[in-house]
A.B. asks: 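First the structure, then my questions, so here it is.
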Amino acid sequence: MVEREPRADDDGGETIAVVGMNLRVPGAHTLEQFWENLRSGVESTTFFSDEQLLAVGVPAADLGKAEYVKACGALEGIDLFDGEFFGITPREAEILDPQHRIFLECAWKALEHAACDPERYDGRIAVYGGVGLNGYLINNLLGHRELLEIMGGWQLSLGNDKDFAPTRVSYKLNLQGPSICVNTACSTSLVATVLGCQSLLSYQCDMVLAGGCSIHLPPVRG
């Protein structure tokens, strides 16, 4: 959460303040835990055995290659989501990209951390952010033709197209500022923050949610 402060800086311009944050990363679901992990040198990369990798379909020939690293940063609890809290039906949640789910949850928690209630805030709150490649659609949904026929292509698109991640946050949290999808590969969250700050300075909004989410599926892989 970034907000434009109503006071002037030393150069006569306005300042920007970070007023709230939230994150979910391997080994930490809170800012406090993440900081403690950094201070304590906690290893948050998950290392897999050959048996685990073979069980999820990794070719045995790959395991013997020198360039194949049997580890990744696996995020815990990606299957958990309180859809009812956000007014999302069980069927809708079932086809919703986990990256969209976590982006929405972290946005709500960032607002809570900033002590900002969108229903009472009289300014315009913008959303700048993006998500990564949708492995959930590729690995979990496309093989269930009956489910796809029931839900239809449009509903499937709403729940999985990366372009709808920021607008879903704006809609579900009643945010009235710009809602912009940003995708610049590994720099998405940083670029989203830069664009959000520019939006503040140009008076397009009064507060900005900026960030991103990337989940690699399947989680057990090298």
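Bear in mind the structure is a predicted one, so any value in this text is a computation, not a measurement.
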A.B. asks: Not counting sequence neighbours, which residues clear side-chain contact (heavy atoms from CB on, under 4.5 Å) with R145? List them please.
C.D. replies: E149
A.B. asks: Nearest 0.5 Å please: distance from the CD1 atom of I125 over to the CG atom of N174.
C.D. replies: 9.0 Å
A.B. asks: Just to verify, what does Y171 make a side-chain contact (heavy atoms from CB on, under 4.5 Å) with, not counting sequence neighbours?
C.D. replies: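 Partners of Y171 under the side-chain contact (heavy atoms from CB on, under 4.5 Å) test: none.
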A.B. asks: Check whether the side chains of S170 and T167 place a donor and an acceptor atom closer than 3.5 Å, and report yes or no.
C.D. replies: no
A.B. asks: Please round to the nearest 0.5 Å and tell me the distance separating atom NZ of K172 and atom NE2 of H100.
C.D. replies: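 If I round to the nearest 0.5 Å, the distance is 13.5 Å.
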A.B. asks: Is there a donor-acceptor contact under 3.5 Å linking the side chains of D50 and Q52?
C.D. replies: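 No donor-acceptor contact under 3.5 Å links the two side chains.
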A.B. asks: Stepwise, does the side chain to side chain contact (heavy atoms under 4.5 Å, CB included) test hold for S44 with N37?
C.D. replies: CA-CA 8 Å; S44 295; N37 287 353; 4.0 Å; yes
A.B. asks: Identify whether NZ of Lys or CZ of Arg in R101 sits under 6.0 Å from the centre of the six-membered ring of Y136 and within 45° of that ring's axis.
C.D. replies: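 Ring-cation test returns yes.
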A.B. asks: Output a table of donor-acceptor pairs, distance under 3.5 Å, between side-chain atoms of residues 190-203 and any protein atom two or more places apart or on a different chain; print 'none' if there are none.
C.D. replies:
unit_1, atom_1, unit_2, atom_2, d
T193, OG1, S189, O, 2.9
S199, OG, Y128, OH, 3.3
S202, OG, Q198, O, 2.8
S202, OG, S199, O, 3.3
S202, OG, Q204, NE2, 2.9
Y203, OH, E14, OE1, 2.5

A.B. asks: For a side chain to side chain contact (heavy atoms under 4.5 Å, CB included) check, start with the C-alpha distance between F48 and V56, then their side-chain angles and the critical distance, and finish with the verdict.
C.D. replies: CA-CA 11 Å; F48 303 110; V56 296; over 6 Å; no
A.B. asks: Ring pair (Phe, Tyr, Trp, His ring centres under 6.0 Å) with F85: which residues, sequence neighbours excluded?
C.D. replies: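 Listed in chain order: W108.
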A.B. asks: Could you check whether N160 and D97, counting side-chain N and O atoms only, form a donor-acceptor pair closer than 3.5 Å?
C.D. replies: no
A.B. asks: The test is side chain to side chain contact (heavy atoms under 4.5 Å, CB included); show your working for M21 and L31 and say whether it passes.
C.D. replies: CA-CA 8 Å; M21 292 190 291; L31 289 164; 3.7 Å; yes
A.B. asks: For residues 206-216, which side-chain donor-acceptor pairs fall under 3.5 Å, sequence neighbours excluded?
C.D. replies:
unit_1, atom_1, unit_2, atom_2, d
D206, OD1, R4, NH2, 2.9
D206, OD2, R124, N, 2.8
H216, ND1, R221, NH2, 3.2

A.B. asks: Rounded to the nearest 0.5 Å, what separation is found between the CG atom of L217 and the CG atom of N140?
C.D. replies: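 Result: 6.5 Å between the selected atoms.
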A.B. asks: Is I78 linked to I95 within one hydrophobic cluster, defined over Ile, Leu, Val, Met, Phe, Trp and Tyr using a side-chain heavy-atom separation of less than 4.5 Å?
C.D. replies: yes
A.B. asks: Salt-bridge test for R24 and E105: reply yes if a basic N is under 4.0 Å from a carboxylate O, no otherwise.
C.D. replies: yes
A.B. asks: One thing to verify: whether E94 and R91 come together as a salt bridge, which I'm taking to mean a side-chain N less than 4.0 angstrom from a carboxylate O.
C.D. replies: yes
A.B. asks: How would you list, by chain and number, every residue that makes a salt bridge (Lys or Arg N to Asp or Glu O under 4.0 Å) with D117, sequence neighbours excluded?
C.D. replies: R120
A.B. asks: Apply the test side chain to side chain contact (heavy atoms under 4.5 Å, CB included) to residues V18 and M1: give CA-CA distance (whole Å), side-chain angles for both, the deciding distance (0.1 Å), then the verdict.
C.D. replies: CA-CA 6 Å; V18 176; M1 289 297 309; over 6 Å; no
